[in-house]
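Below is one structure; the comments refer to it alone.
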Number of protein chains: 2
Amino acid sequence: MHEHNHQICIDQALKRAKQVCLQHGVRLTELREQILRLIWQNHKPLGAYLLMNLLEENSDREHVAPPTVYRTLDFLIEHGLIHKVHSLNAYVGCSSPNQDRCNALFICSVCGETEEIPNNSIQQAINLSASQHKFTVENQMLEIMGKCQPCKQKKASDS
Amino acid sequence: MHEHNHQICIDQALKRAKQVCLQHGVRLTELREQILRLIWQNHKPLGAYLLMNLLEENSDREHVAPPTVYRTLDFLIEHGLIHKVHSLNAYVGCSSPNQDRCNALFICSVCGETEEIPNNSIQQAINLSASQHKFTVENQMLEIMGKCQPCKQKKASDS
DNA sequence: CTAAACTATGTTATATGATAACATAACATC
DNA sequence: GATGTTATGTTATCATATAACATAGTTTAG
Ligand SMILES: [Zn+2]
Ligand SMILES: [Zn+2]
Ligand SMILES: [Zn+2]
Ligand SMILES: [Zn+2]
């Protein structure tokens with residue numbers, strides 16, 4: 001994840017966003033696309049107020065207020081284009097929209113990179129546990145904090 | 001979960017808390033015990049400011065300030081006696097301290113009751129996925145929102 | 001084409017959740 | 001009982017998120 005052509009990630013995300021909005025019959029306005037782009041600048045989750053500042057810097061808007069950002073985030077979440085990372089109060093691009101359930105989020109505590117990893121066996125185990133307790137799942141969040149391999153290697157070479 | 005002798009839950013929680021504090025060489029002060037009791041009043045997660053108000057009402061303190069509550073919550077979390085429910089910004093009693101990893105939290109979207117369910121197969125699936133991606137897990141959170149059985153039954157009998 | 005309805009954004013104020021920094025009190029050890 | 005340590009009190013502030021209402025843009029029907 002650390003070394004890759006990230007422009008491809010951004011392009012794919014924008015392409016998917018346009019498809020999804022078309023399917024759902026909603027508009028990917030300039031504001032929504034701008035914020036989605038900002039979120040996809042890298043693979044780290046970004047806070048709402050940081051996005052607010054980034055939007056002010058990277059557009060010709062004078063002042064951006066919180067509701068502008070939060071409404072847009074709500075829209076993007078609603079249509080599965082981003083995730084809220086609850087353990088960080090931050091937002092990250094979704095790499096696989098059009099899914100029924102959220103994937104596992106692996107969050108590196110050193111570099112902050114967050115990778116969304118689909119995993120059927122985790123989902124199956126959750127579904128089984130839920131059905132055993134006669135619990136009907138509506139949605140779920142699995143956030144895993146730890147160290148990614150590049151950061152472990154870097155730390156090892158430091159010492 | 002809906003129908004049970006909840007006093008037993010409270011008594012066990014307090015007993016465990018005393019054991020844990022003894023083991024860890026820390027003190028379960030009056031304040032810490034009061035807040036732990038308030039959290040264990042039921043199986044719903046409670047917010048920090050609600051706990052603050054409850055503490056004012058249920059003790060002879062005049063004013064309770066946020067740091068008083070947050071420091072105590074931090075202590076209780078650090079020693080594994082409560083969990084923070086990130087999706088609600090609220091705190092709930094831990095029913096199984098002395099574990100290496102967090103269990104799955106099943107949160108009912110109707111009644112708010114939250115049940116902590118240990119599940120080895122979920123944990124195994126997470127560990128496998130992590131090792132496949134060479135990711136070292138430090139901690140994790142799995143929060144599952146949905147409907148508990150009693151609430152489903154109640155809804156069915158309403159219609 | 002334009003009025004009406006709907007959707008999106010702007011604006012101001014405020015609610016809610018959490019922490020920093022420093023002062024005081026309680027407890028333990030010697 | 002002086003000293004170091006842990007716990008709590010106090011004030012101010014930061015960080016995150018939403019309510020309420022105003023304006024602008026877009027679509028649809030007549
Ligand atoms: Zn990338
Ligand atoms: Zn990393
Ligand atoms: Zn109980
Ligand atoms: Zn319920």
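Below, read A as the first sequence line, B as the second, and so on, with proteins coming before strands; counting in each chain starts at 1.
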Here the residues of residues 13-31 of chain B within 4.0 Å heavy-atom distance, strictly under, of DNA chain D are B:R27, B:T29, B:L31
Stems with DNA chain D, 3 or more Watson-Crick or G-U pairs in a row (under 3.5 Å), are C:1-30 with D:1-30
Between the side chain of A:E143 and the main-chain N/O of A:H86, is any donor-acceptor distance below 3.5 Å? yes
Sorted by number, residues from residues 84-92 of chain A placing a heavy atom under 4.0 Å from DNA chain C are none
**Request:** Might you work through the side-chain contact (heavy atoms from CB on, under 4.5 Å) test for B:H43 and B:H4, ending with a clear yes or no?
**Result:** CA-CA 11 Å; B:H43 292 277; B:H4 71 289; 3.2 Å; yes
To the nearest angstrom, the CG-P distance between A:L50 and D:dC14 comes to 18 Å
Excluding B:L88, membership of its hydrophobic cluster (Ile, Leu, Val, Met, Phe, Trp, Tyr; side-chain heavy atoms within less than 4.5 Å) reads A:V85, A:L88, A:V92, A:L105, A:I107, A:M141, A:M145, B:V85, B:V92, B:L105, B:I107, B:M141, B:M145
Could you check if a side-chain atom of B:L81 sits within less than 4.5 angstrom of a side-chain atom of B:C94, using non-hydrogen atoms only?
-> no
* To do: Step by step, work out the side-chain contact (heavy atoms from CB on, under 4.5 Å) result for A:C148 and A:F106.
  => CA-CA 8 Å; A:C148 71; A:F106 285 83; over 6 Å; no
Looking only at heavy atoms, the pair that brings B:S95 and B:E116 closest together is N-OE1, 3.0 Å
* Asked: Backbone N or O of B:Q41 within a donor-acceptor pair of the B:H6 side chain at under 3.5 Å?
  -> yes
B:Y49 atom OH is separated from D:dA17 atom P, nearest whole Å, by 15 Å
Residue pairs meeting salt bridge (Lys or Arg N to Asp or Glu O under 4.0 Å), one or both in residues 10-25 of chain B, sequence neighbours left out, come to none
Cluster membership besides B:L22, Ile/Leu/Val/Met/Phe/Trp/Tyr side chains within less than 4.5 angstrom, sorted by chain and number, is none
For a quick test of your reading: what N or O donor-acceptor pairs under 3.5 Å do the side chains of residues 55-64 of chain A make, sequence neighbours left out?
unit_1 : atom_1 : unit_2 : atom_2 : d
A:E56  : OE2    : A:V64  : N      : 3.0
A:N58  : ND2    : A:L54  : O      : 2.7
A:S59  : OG     : A:L55  : O      : 2.6
A:S59  : OG     : A:R61  : N      : 3.3
A:R61  : NH2    : A:Q34  : OE1    : 3.1

Worksheet item: Would you find a donor on one side and an acceptor on the other, under 3.5 Å apart, between the side chain of B:K44 and the backbone of B:C111?
Response: yes
With sequence neighbours left out, the residues meeting side chain to side chain contact (heavy atoms under 4.5 Å, CB included) with A:A48 are A:V69, A:Y70, A:L73, A:Y91
Chain A vs DNA chain C, heavy-atom contacts under 4.0 Å, first-to-last nucleotide span, 5' to 3', is C:dA8 to C:dT12
The complete set of salt bridge (Lys or Arg N to Asp or Glu O under 4.0 Å) pairs with one or both residues in residues 21-38 of chain A, sequence neighbours excluded, reads A:E33-A:R37
Give the table of side-chain donor-acceptor pairs shorter than 3.5 Å for residues 127-136 of chain B, with sequence neighbours excluded, one pair per line with atom names and distance.
unit_1 : atom_1 : unit_2 : atom_2 : d
B:N127 : OD1    : B:R101 : NH1    : 3.2
B:N127 : OD1    : B:Q123 : NE2    : 3.1
B:N127 : ND2    : B:Q123 : O      : 3.4
B:S129 : OG     : A:N119 : ND2    : 3.2
B:S131 : OG     : B:N127 : O      : 3.4
B:S131 : OG     : B:L128 : O      : 2.9
B:H133 : ND1    : B:S129 : O      : 2.8
B:T136 : OG1    : A:K152 : NZ     : 2.7

Numerically ordered, the residues 66-76 of chain B set in heavy-atom contact under 4.0 Å with DNA chain D is B:P67, B:T68, B:R71
When rounded to whole Å, the CE to C1' distance for the pair A:M52 and D:dA15 reads 11 Å
Walking DNA chain D from its 5' end, the first of B:H63 and A:G47 to be reached, judged by nearest nucleotide, is B:H63
In whole angstroms, the gap separating C1' of D:dA7 from CD of B:E78 amounts to 13 Å
Side-chain (B:S109) to main-chain (B:G146) donor-acceptor, under 3.5 angstrom
yes
